[in-house]
Each structure stands twice: as structure tokens, then as C-alpha cells.
Amino acid sequence: MHLLALPALADNYIWLLHDDQGQAAVVDPGDADVVERALARRRLSLRTILLTHHHHDHIGGVERLRHRHPVEVYAPRDPRIDYANQRIGDGDVVELFEPGLRLDVLAVPGHTLSHVAYFGAGYLFCGDTLFSLGCGRLFEGSPEQLLASLDRLSSLPGDTLVCCAHEYTAANGRFAREVDSRNPDLADRLTEVAALRERSEPTLPVMLARELATNPFLRIDQPALVAWGERNDVHCNDRVGRFAALRGAKDHFPG
Ligand SMILES: [Zn+2]
């Protein structure tokens, strides 16, 4: 299996998986042209579209792609998503034959209420729930829901490759450094991220174990984040309160 990150729109990635026979699947195709160019360049046949949530920058290319290709479109049960012919939810398994792929569907509410993630073959397609060094904004769910979703993703195998839907790592890193300033793993990751972005290369996918060591939103129980909570008047045993405060602080962080 081959994995490609297709840059799209301002800072999205459309993830493309294909096998050696040229059969392809894409995740969250917000822009049909980007996908068409990638398919043409590599002579791939698009068979599957996987959608994580209803935001336009994730589904905007679906209508055109489904007219041009014989695709199955998998999406959560949400009337705000048109054009899906396969509706999926928590606990479902997406079994693809071309390319051969078995993906577990995980409900991960928070960024939106019907948001799902797809996990399988060592990959996690998590849409806007988890970003490298950050997490999605709370548009519809509660802090408790998003934290539970992130806890769930954190429990996946450490060698999982996390395929996030935006290139936000450098900006997230500036906030992470503020709240977890003595973390040597974070310092290493920031050095790497700066070098990658200097060359206009993606900072993704990233291994989950690395995120667990560096992403403040996955480190809410670690002493550095408990200390951050205490500095910000969040009671030390209230992890949801600390998470909500951290998410709120990020919302107001410059840049
Ligand atoms: Zn979104």
C-alpha cells in the first residue's frame, strides 16, 4: 500500500492510498481537481472515498469525483453530507477490496458531533479531531466529548501513522512550547518541523507514540500540564476542566 498526502485548499491534506495495481482510495477530498491531477499523474483508478465529517473543506470535491469515477462513498450518518452511498458509524468495519484495506470506524465527537475516524493497516485517518501537536476546535461537541475521543485515539498502537487533515503543526508547536516548555521530545519535534516546513514538506503522517510524547492535548495528565492547569487556576484533579482551559487558551493564542 502506498500513502500520499495531497496538499489542497489553504492547508488541507487529502490522503490518497493506492495499491500496486493502481486502485485508489481518498480521504476527505475537499478539492476534486487536486485528486484528479494525482490520479492522472500516477494512472490510478479511484474506487473509494472516505469522509470523516461534514465540513466543506473535507467534502467539497465529492460531487464531481463521484460523477467521474465508479466510487463507493463512505460517510457518517449526518444529513449535512450528501452523495454518500455507504453510511457508517462507531464499531462498523469498512472492508475494501481494491485497494485491499480493512478499516475500523471510530466515533470521535467533539470538533463536530458526527465526526468519525478510520483506523486500519497501521493508519489513522482522524480528520479534524487530532492534529500533530494540537487538536480540533470545539464547534459542536463538549470538551468532555473531545477529550474522550482523544483518549480513544491515544489508546491505539503507538506505531500507528496519524494522518491529520491539516498542516497546522508549526502553529500548534508554538502553543505547545508555551505550555510544555521543558519537554525535550517536543523540542526535537519542533526542530524537525521547522526543517520540513523550510523545504515545504509535510510534517505528516506522524507516529502516534511521538504525539503522545509531544502533543499537550494528549498529555493532559502529565505533570507539566497539571502544573500549567494550576498556574491557570484549574483544580489539579479536574482533567476535563484542564482540557477545556487548554483548548480555550489555544483558541486565543496569537498565530
Ligand atoms: Zn472540520
Side-chain angles (χ1 to χ4, degrees), residues 5-16 25-35 49-65 73-84 87-90 94 103 105-119 123-154 162-173 175-176 202-206 211 215-218 243-244 246-253 255:
L6 309 178
L9 306 171
D11 46 30
N12 285 68
Y13 288 122
I14 300 169
W15 292 96
L16 187 154
V26 290
V27 185
D28 287 352
D31 184 328
D33 289 338
V34 169
V35 176
I49 294 174
L50 301 164
L51 303 176
T52 63
H53 68 296
H54 73 278
H55 286 158
H56 189 72
D57 60 317
H58 295 252
I59 68 172
V62 174
E63 185 179 6
R64 277 181 51 205
L65 290 170
V73 182
Y74 292 82
R77 295 181 185 90
D78 187 320
R80 296 172 293 188
I81 303 177
D82 291 330
Y83 317 126
R87 295 289 175 172
I88 44 81
D90 192 51
V94 174
L103 298 164
V105 179
L106 310 173
V108 284
H111 177 68
T112 70
L113 286 175
S114 62
H115 200 305
V116 299
Y118 300 90
F119 168 70
Y123 303 115
L124 172 67
F125 300 101
C126 53
D128 288 353
T129 298
L130 172 63
F131 296 119
S132 183
L133 306 181
C135 69
R137 280 178 190 264
L138 278 165
F139 284 127
E140 296 178 5
S142 66
E144 195 162 15
Q145 281 177 312
L146 183 55
L147 180 57
S149 295
L150 294 175
D151 284 344
R152 205 166 171 204
L153 299 182
S154 297
V162 182
C163 303
C164 317
H166 287 274
E167 181 58 70
Y168 287 162
T169 315
N172 286 341
F175 176 75
T203 62
L204 302 165
V206 60
E211 283 303 300
N215 186 329
F217 294 93
L218 303 185
F243 179 78
L246 192 68
R247 183 58 262 182
K250 173 68 171 65
D251 288 342
H252 298 106
F253 189 72

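Every number for a ligand or one of its atoms is a count from 1 in the order of the listing. The first residue in the sequence is number 1, and the count goes up from there.
- Evaluation of the salt bridge (Lys or Arg N to Asp or Glu O under 4.0 Å) test over residues 53-62, restricted to residues two or more places apart or in two chains, returns none.
- A salt bridge links Asp33 with Arg64: the closest approach of a Lys/Arg side-chain nitrogen to an acidic carboxylate oxygen falls below 4.0 angstrom.
- Between the side chain of Asp251 and the backbone N or O of Arg137, no donor-acceptor pair lies under 3.5 Å.
- His55 has its closest N, O or S atom to the Zn ion (ligand 1) at the position named ND1.
- Rounded to 10°, the angle formed at the Zn ion (ligand 1) by His53 NE2 and His111 NE2 is 100°.
- In this structure, Trp15 contributes its side chain and Cys164 its backbone to a donor-acceptor pair below 3.5 Å.
- Between Phe175 and Phe217, the two ring planes are parallel [angle under 30°; tilted spans 30° to 60°].
- The Zn ion (ligand 1) does not have Asp57 among its coordinating residues (no N/O/S atom, backbone or side chain, under 2.8 Å).
- Considering just the N/O/S atoms of Asp128, the one nearest the Zn ion (ligand 1) carries the name OD2.
- Here His58 fails the criterion, with no N, O or S atom under 2.8 Å of the Zn ion (ligand 1).
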